[in-house]
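Everything below concerns the one structure shown next.
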Amino acid sequence: MLATMSKSTRAYHMLTLMGALPFIVGSLCLATGIDKSPIIGSIHSVLIIYGCAVGSFIAGTHWGLSLGSPHQNLLTPLTSVILTLSLVAAALLAHFATAMLWYSLIIACLVVMDQVFFIRQQISLDYLKIRLYTTAVVMASLCIAGFTYG
């Protein structure tokens, strides 16, 4: 599959997948009992901050897609704002395990929004597939992190 893609598409796919690496590594660290790194500090803090940043970024791209859409309505930007505020609230207020599970739910909501954008022909099937795959990996990593928190 990668051999038939253009260089820019391959690079985009690789960057998207590499964005999941901190989630994978963080959850593996926590699953093996490593909760601190001498370089980055608390694995919990890294997952909380990175999860909030990634979720906010994705919600922001949805906002941008909705503003340039012939299907403009208030629901998409409003949903993006609510999901972003939910990420921030989970980061600030929730117990780590609860925050990880909440992040999983929010990221699932964001990929459902991607499916709406696909139906509206605002994103490609190629983009949707890479988002679905990456979301599944990130959700699994967040759940592992949340369930192995001790």
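Keep in mind that this is a model prediction, so the values were computed, not measured.
- With hydrogens and angles disregarded, a donor-acceptor distance shorter than 3.5 Å links the side chain of Thr32 to the backbone of Cys29.
- Side-chain N or O atoms of Ser141 include one that pairs as donor or acceptor with a backbone N or O of Val137 at under 3.5 Å.
- Side chains of Leu30 and Phe96 form a contact here, defined as non-hydrogen atoms less than 4.5 Å apart.
- Side chain of Ser80 to backbone of Ala59: a donor-acceptor contact under 3.5 angstrom is found.
- Across all non-hydrogen atoms, the minimal contact from Ile43 to Ser37 is CD1-CB, 4.3 Å.
- Counting all heavy atoms, side chain and backbone alike, Trp102 lies closest to Ala90 at CD1-CB, 3.3 Å.
- To the nearest 0.5 Å, atom NZ of residue Lys36 and atom OG of residue Ser45 are 8.0 Å apart.
- For the side chain to side chain contact (heavy atoms under 4.5 Å, CB included) with Met113, the lone residue among Thr61, Thr79, Leu65 that qualifies is Thr79.
- Here the shortest heavy-atom pairing between Leu87 and Ser56 reads CD1-N, 3.6 Å.
- Taking the six-membered ring for Trp and thresholds of 30 and 60 degrees, Tyr50 and Phe23 have ring planes inclined between 30 and 60 degrees apart.
- Considering Val112, Val111, Ile58, Ile130 as possible partners of Thr135, the one that fulfils the side chain to side chain contact (heavy atoms under 4.5 Å, CB included) test is Val111.
- To the nearest 0.5 Å, atoms CG (Asp126) and NE2 (His13) are separated by 3.5 Å.
- Residue Leu142 comes nearest to Ser104 through the heavy atom pair CB-OG, 3.3 Å, listed as atom of the first residue, atom of the second, then distance.
- Side-chain atoms of Tyr133 do not come within 3.5 Å of backbone N or O of Leu128 as any donor-acceptor pair.
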